[in-house]
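Below, read A as the first sequence line, B as the second, and so on, with proteins coming before strands; counting in each chain starts at 1.
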Amino acid sequence: MKEYLENSFDKLASKLPYLKEIELTFSVPNIASHGDLALNAAMLLAKKLKRNPREIAQEIVDNFEVDKNIIDKIEIAGPGFINFLFKPEFLANIINRINEEDESFGKSDRFKGKKALVEFVSANPTGPLTVGHGRNAVIGDTVANLLEWAGYDVEREYYFNNAGRQMRVLGDSLRLRYLQLKGEDIDFPEDYYQGQYLIDIAKKLYAENKSVDTGQSSIEFFKDFAEKEIFTEIQNTLKGIGIRFDNYFNEHTLYEDKKIDDVLNRLKESNLSYEKDNAIWFRLSELEQENDKVIVKSTGEPTYRLPDIAYHLTKFERGYDIIVDLFGSDHAATYPDVLAGVKALGYDEQKVKVLIHQFVTVLENGEVVKMSTRKANFITLDELIEKVGSDVVRYFFIMRNISSHLNFDIDLARKQSDENPVFYLQYAHARICSILRMTEEEGLKSSFQNLELLTHPSEQNLIKKMHQFKDELNVAIDQYEPQRLANYLEELAAAFHKFYTDCRIIGSGKELAEARIALVKAVKIVIKNGLTILGLTAPERM
RNA sequence: GCCCACGUAGCUCAGUGGAUAGAGCAUCGGUUUCCUAAACCGCAGGCCGCAGGUUCAAUUCCUGCCGUGGGUACCA
């Protein structure tokens, strides 16, 4: 219906040129008596035209060509709102469309032919994924799904670093655990990786081979072994919530492929770097940043900024139209430097969309669990999936605005598992499937012949809700706000459950019953598609 | 100190500058001879952190303050 008004107003603008001066936004009023869509243009124009807003509204309405088959009523209300009320028969046509388009209802080709890269998770293989990584993983995958529905060709990428100090400590931690298994009395350093998972890996190694060389030069071997085990584990965890990556990008290849040297040379040529105190500095103060920062330490080792810039250049070179980076707020400080570098080297940094999600606070037994991979004290994503299931995990991580802190109360998610919103949505779907099974037994079919019989307020409300699906989807896509879709689906499910209690199908007369079946099938499709985008299952029975 | 995000009902949180600020949970009460009660209906619950400003209109935009979290390294 929004589409219809937008097109109509495009035409109207040639008669009333001042309409071109403002952005026309049709919004769904929160009070039903205010119509189906409202336009606030008259108020916006009042000042510009120095005229009374209600008078302008009247002029707009007078010039608007009303198609009686589509629009029921136009009203001017309040300070100058123009409220449009649509003909129920017109609105009901969406039931046909949804049934026809079926599982592609909601897909668009707005960005057809465009390539997108979504980089997420990107945890280094030093331990199992935690709950915090879980939020990142689910948001990233859902954003990728949304982009796909908007027509993008999307690649999911995981960036990692398996070199450096962190990984050496990991390797040495495993070496010491291995020695402990051999019965040696080892004083395990406090700043080493304390987690049980490394003891388990040591046990596995020990079972395979009891005489591994454990001299100082063996750290590399232990590192490799730990990395391989941990990475396998990470991939299994991700598989458990339905996430797969197209690419795993190893930071190390940036060195092998001379990308790092390349960046260094280009910065130097552009006079954006200089040497001081034996280190190489990045002249960020020339790039609207606060201070210059070190990119190569006096030890010769690069700081994280250098490979990050080199990595982003490869993203540009690979020809994506849009580059999405997702990370937690603890990394929020790193990206301005990287973007400044990218821009200074001549790339369009506008293509990079940085999404920063806030932390997850995990509560268990009423207490906040502090997360640290290094310390043994963390809850793994695996444990969480095992406790509450993949669907609940995905939904909980996506149901809130990504810039809000998220409280994940494990006891609550588990204990109230039959009262949480995930099941509310899924139950609506299962209920419809059940209805369809029953009506089939009764010999009733879906029919578009008598959709005008769907006049009950609950039916009308349901139809109008379905009209909003694409709008909500577009907002979720354009604003990178997946929680929009979750909120919408809850509203749709509520509208369905209300319909279910108000309107029966079996026993309501063949014509009405068959129209209602068509309606309910459409709802099923929308819920299913929504759940699919969110990465959840749509159960047929519960 | 400085930078970023957040602050909405008892709790967890929705809310593209618009009309009477919403939902779930928790509390209390009601609905099943009938397609799944994992549902529906009702009661109650609010200085939208505080103070200014912009606007015809501010929970929404701007400034300051307070509170929470994160960042502020030749750690990533």
Side-chain angles (χ1 to χ4, degrees), chain A residues 25 27-31 33-34 38 40 43-44 46-47 52-53 77-81 83 122 124 126 161 164-166 251 276-281 290-291 293-305 307-308 328-334 336 356-359 361 396 399-409 412 416-428 430-439 441-442 444 471-472 474-475 478-479 481 483-484 486-488 490-491 493-494 496-508 513 516-517 520 541-542:
Chain A
T25 49
S27 59
V28 179
N30 31 19
I31 298 168
S33 63
H34 289 153
N40 64 353
M43 276 109 76
L44 296 176
K47 185 140 197 200
N52 181 313
F81 288 103
N83 296 332
S122 296
N124 287 339
T126 58
N161 172 16
R165 203 186 60 88
Q166 245 188 354
E251 180 184 320
K276 193 180 88 179
D277 305 332
N278 253 343
I280 299 177
W281 293 70
E290 194 75 13
N291 296 308
K293 300 267 174 69
V294 169
I295 46 173
V296 180
K297 301 187 229 174
S298 51
T299 59
E301 269 184 303
T303 66
Y304 64 88
R305 285 182 195 86
D308 271 7
S329 60
D330 55 335
H331 284 234
T334 75
I356 294 173
H357 67 86
Q358 295 296 314
F359 272 24
T361 305
F396 270 57
M399 69 198 273
R400 304 298 182 215
N401 192 315
I402 69 170
S403 61
S404 286
H405 295 256
L406 180 70
N407 275 354
F408 203 117
D409 187 329
L412 206 71
Q416 301 187 329
S417 64
D418 40 296
E419 280 174 350
N420 76 42
V422 186
F423 296 119
Y424 185 78
L425 292 183
Q426 293 184 320
Y427 180 52
R431 242 184 175 177
I432 295 171
C433 292
S434 174
I435 291 172
L436 295 177
R437 285 192 296 270
M438 301 296 282
T439 52
E441 278 176 29
E442 298 283 325
L444 293 164
D471 291 335
E472 292 292 341
N474 283 338
V475 173
D478 294 336
Q479 310 288 322
E481 292 187 351
Q483 89 282 358
R484 295 279 187 162
N487 295 150
Y488 167 78
E490 283 185 43
E491 286 172 19
F496 166 72
H497 285 308
K498 174 78 173 134
F499 160 82
Y500 179 87
T501 38
D502 290 347
C503 305
R504 297 189 53 76
I505 293 178
I506 294 170
S508 63
R516 283 179 172 167
I517 292 171
V520 144
R541 293 171 200 271
M542 283 175 78

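Side-chain contact check for S508(A) versus C503(A): every heavy-atom pair is 4.5 Å or farther apart.
D471(A) comes within 4.0 angstrom of no nucleic acid atom, judged by non-hydrogen atoms across all strands. At a threshold of 4.0 angstrom between heavy atoms, the contacts of A46(A) with the nucleic acid are absent. Nucleic acid contact class of D277(A) (heavy atoms, under 4.0 Å, all strands): base. Within the nucleic acid shown, S434(A) comes within 4.0 Å of at least one base atom, counting heavy atoms only. If you check every strand for non-hydrogen atoms under 4.0 Å, Y424(A) touches sugar and phosphate atoms only. Counting any heavy atom pair closer than 4.0 Å across all strands shown, R484(A) reaches sugar-phosphate atoms only and no base atom. T25(A) comes within 4.0 angstrom of nothing in the nucleic acid, heavy atoms only. Counting any heavy atom pair closer than 4.0 Å across all strands shown, C433(A) reaches no nucleic acid atom. Contact annotation for I295(A): no contact, since no heavy-atom pair falls under 4.0 Å across all strands. Across all strands, Q426(A) comes closer than 4.0 Å to no nucleic acid atom at all (heavy-atom distances).
Stacking between H34(A) and A19(B) is shown: the ring centroid lies under 5.5 Å from the centre of the six-membered base ring, and the planes differ by under 30°.
Here U32(B) presents its P atom at 14 Å from CZ of R504(A), a figure rounded to the nearest Å. Rounded to an integer number of Å, the gap from NZ of K297(A) to C1' of C75(B) is 7 Å. Remark: P of A37(B) and CG of D502(A) are 14 Å apart, rounded to the nearest angstrom.
Under the ring-ring contact (aromatic ring centres under 6.0 Å, His included) criterion, Y424(A) pairs with H497(A), sequence neighbours left out. Partners of F396(A) under the ring-ring contact (aromatic ring centres under 6.0 Å, His included) rule, at least two apart in sequence or in another chain, are F408(A). Residues satisfying the side chain to side chain contact (heavy atoms under 4.5 Å, CB included) test with N278(A), not counting sequence neighbours, are S298(A).
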Please enumerate all protein N or O atoms sitting under 3.5 Å from an N or O of nucleotides 5-11 of chain B, with distances to 0.1 Å.
residue : atom : partner : partner atom : Å
A5(B)   : O2'  : S403(A) : O            : 2.8

Q | Nucleotide-resolved protein contact map, nucleotides 55-63 of chain B, B/S/- at heavy-atom distance under 4.0 Å | A | SB-------
(Q) What does the 5'-to-3' dot-bracket notation of RNA chain B look like when only Watson-Crick and G-U wobble pairs under 3.5 Å count, and pairs to other strands show as |? (A) (((((((..((((....[...))))..((((.......))))......(((((..]....))))))))))))....
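For N83(A) and A19(B), a side-chain-to-base donor-acceptor distance below 3.5 Å is present, hydrogens and geometry of angles not being considered. The base of C74(B) lies close enough to the side chain of S298(A) for a donor and an acceptor atom to sit less than 3.5 Å apart.
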